[in-house]
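Both backbone and side-chain heavy atoms feed into the values below; hydrogens, waters and symmetry mates do not. Labels below follow one simple rule: chain letters A, B, ... track the order of the sequence lines, proteins then strands, and each chain is numbered from 1.
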Amino acid sequence: MFARGLKRKCVDQEEDGEGTLAGFSTIPSYSLQRQSLLDMSLVKLQLCHMLVEPNLCRSVLIANTVRQIQEEMTRDGVGRGAAPQSTGRAPLDRLVSTEILCRTVRGPEAGVPASDLGDGPLPGPPPGLCTADSAEEPRSPHSSLWETDSPRENRGSFHKSLDQIFETLEHKSSSSMEDLFSDMDSSYYDLDTVLTGMMTSVKPGLCDGLEGFPAAAPPPASTCKSDLAELEHVVEILVET
Amino acid sequence: MHQPPPASCSRSSCCVCARVGVRVSALAPAAAPCPAPSRSLGPRPPEPPSRGTSTLPLAPLGPWCSPTGSPAPLSCETGCGEGSWILVCRLLVPTQVSLLSMEEDIDTRKINNSFLRDHSYATEADIISTVEFNHTGELLATGDKGGRVVIFQREQESKNQVHRRGEYNVYSTFQSHEPEFDYLKSLEIEEKINKIRWLPQQNAAYFLLSTNDKTVKLWKVSERDKRPEGYNLKDEEGRLRDPATITTLRVPVLRPMDLMVEATPRRVFANAHTYHINSISVNSDYETYMSADDLRINLWNFEITNQSFNIVDIKPANMEELTEVITAAEFHPHHCNTFVYSSSKGTIRLCDMRASALCDRHTKFFEEPEDPSNRSFFSEIISSISDVKFSHSGRYIMTRDYLTVKVWDLNMENRPIETYQVHDYLRSKLCSLYENDCIFDKFECVWNGSDSVIMTGSYNNFFRMFDRNTKRDVTLEASRENSKPRAILKPRKVCVGGKRRKDEISVDSLDFSKKILHTAWHPSENIIAVAATNNLYIFQDKVN
């Protein structure tokens, strides 16, 4: 049921695997967990780009993962329901990941002096554009992305709360940041079985995934009202403190 | 390589001298004398030149180059193999504090063994970040996050102390890199030593390259056992004498003194890397070396510090298109025109500098087709290569990715000839390892002297060895609790699901904060050095 490998094969072989795709996109737990993986990656990228000189290898790998997830979501019609297939790669390449990655690496790059050996004057925006207002800029692309794609109403409100988390993060010390993420420690364990489980002989049932999920601390893409309320509560606490 | 002209170098004030013969390791007791002549693999190299005498340069082709060397047997899983590994000594990189007080404290430490500190006292700066034997195996260098280089020297063999063989003692310690601040980019440059590479020994002195994220330095480590005495204008303490009191002239003489080892920086290769240097590699012509960062590889001449050649540049014009970075690079051990570099996409490129000065186009491209049944969102991350090493023979390349170590034949580009699973049980944990960032850990890998065994690290202070001939593998643990000096290391086993047997450790109880990223194998003998946080373990193959 969760054999993503099988599904990919279908997609690769024939472009319109409509029946299969539709079948898979109806499985909530997989797409939810894929969404939370995406959110986790975006948070990582966000934290990366707060650093002046992040580990480039790590940020590139995370950004590629984000890209991969988003491409798959587009294919599945989950990520961008309205996106016309004919536009092909052009819109994909300008997804969130690229924006954030570009900011991540351009930050230090923009400040590179001309003394850098073998490096001509670098094209790119002036440093002020990159460093100023680090919180708002990258978010606008994906907020629009997320708000248009979501068939559900509460998506927007969720995204707002994620925004608040980011804002809070930026004004908090690193220790409070760690606190926030330490809550999530165990939340992705059940993702393991679903997202990487297809190569193990025992495939987790749908129920396992669903059972495990509500236990996860802040499941970002959860449609459950109570979870959202909880999230708002967390944000409130963070804002207050 | 030419000897750097001494006249052009001023001695730096930051060199620290360590007394020779000071024993810092205290873990190898005289009890349980067990003769442990280490097995030599294939023909032995010429004896390391005795210190203090001028020696010929080592032949570029080491004796270990013959791939026909007898395979070194590995301990099998039951521990009853032909050979087993014993702990020779556990060394701690001395901290700054103990350096200052080394002379007075060392004797008491020897007596009560309390020099070995606990894990909990280790500071971030003490964490070992690289380990490297020199070409004879006589010296072993470590670099740490605090920017220090500590060189250990193998204890001289003596007839009545056979059991002491294989022990390494502190030879020299110096501060190689200091934390810096780049005012133009407004960023801190860590002092952490990313890599150390020894130059082949050409005279009594030793030379090594050490690098942090941005700057490579060439260090000379030499011994001094004589000092000039009897100056006319200075007294014995170095104070100037009143010229009026000088009534006679004398000839200054060199008098023997206690042996001192001093480290002096001879060259500083700076300002050539925008990104973080991940590898340095000395060319087999001994005149050049390369340094690789995330996006570029530079070629340097040892004599020239103010310019380097950029031989690889994968930086896209538009950084938004960046999807791949360089993760490691190394020169071929014998062909000075050939080098390889690995990428975050799991590929290896072999370049020939004869083809063009700019090696942006590769000569060979090693890539394994992806197994569709193993695809996941983490496929690319776990296939990112963390280390690449040529075999001593130059015929094979070994690469380490997150879960496996692979051996490639230079003559076959489409798939590796051997793939070894290092810790396949982590495959089901990738999401949590992604979450806690362990998935980005950079494990290194090494060959043994005859290219028949490969070694690499894992979590929980485990390290793995794979015998390429017998296809046997073993998991060993470098820990203070579980290894007594001279005791045979017990192979460890990780249990995957189901019932856990005695002596097995379950995947869930692995400690992911204890990781073995850096190991080194003696160039000709079965002696290995394993860095576990701030501890350096030296193990030796106990034969018979």
Are more than 12 heavy atoms from other residues, nucleotides or ligands located less than 6.0 Å from atom CZ of B:Phe512?
yes
Which atoms of B:Ser343 come close to chain A, meaning under 4.5 Å heavy atom to heavy atom: side chain ones, backbone ones, both, or neither?
neither
Where do B:Cys431 and A:Met40 come nearest, in terms of heavy atoms and distance?
SG-CE, 4.2 Å
In Å, rounded to the nearest 0.5 Å, how long is the span from CZ of A:Arg58 to CG of B:Asp294?
13.0 Å
Intermediate values then yes/no, side-chain contact (heavy atoms from CB on, under 4.5 Å), A:Leu56 and B:Leu322:
CA-CA 10 Å; A:Leu56 193 60; B:Leu322 179 67; 4.2 Å; yes
Mind checking whether B:Glu188 and A:Glu53 have side chains closer than 4.5 Å, heavy atoms only?
no
Tightest non-hydrogen contact, residues B:Glu380 and A:Asn64, listed as OE2-ND2, 2.5 Å
Within a 6.0 Å radius of atom CZ on B:Phe181, are there more than 12 heavy atoms belonging to other residues, nucleotides or ligands?
yes
Do A:Leu51 and B:Leu187 have side chains that approach each other closer than 4.5 Å (heavy atoms only, starting at C-beta)?
no
Tell me, for B:Ile439 versus chain A, whether the close heavy atoms (under 4.5 Å) come from the side chain, the backbone, both or neither.
neither
B:Lys442 portion near chain A, given a 4.5 angstrom heavy-atom threshold:
neither
Minimal heavy-atom distance between A:Lys44 and B:Glu435, with the atoms involved, is NZ-O, 2.9 Å
Donor on one side chain, acceptor on other, B:Tyr434 and A:Thr65, under 3.5 Å:
no
For B:Phe377 and A:Arg34, the nearest pair of non-hydrogen atoms, with its separation, is CZ-CD, 3.5 Å
Between A:Leu61 and the options B:Val325, B:Thr323, B:Ile381, the side chain to side chain contact (heavy atoms under 4.5 Å, CB included) test singles out B:Ile381
Between B:Asp437 and chain A, which part of the residue has a heavy atom less than 4.5 Å away: side chain, backbone, both or neither?
both
Name the region of B:Ser344, side chain, backbone, both or neither, that has any atom closer than 4.5 Å to a heavy atom of chain A.
both
Out of curiosity, B:Tyr275 OH to A:Cys57 SG, how far, rounded to the nearest 0.5 Å?
14.0 Å
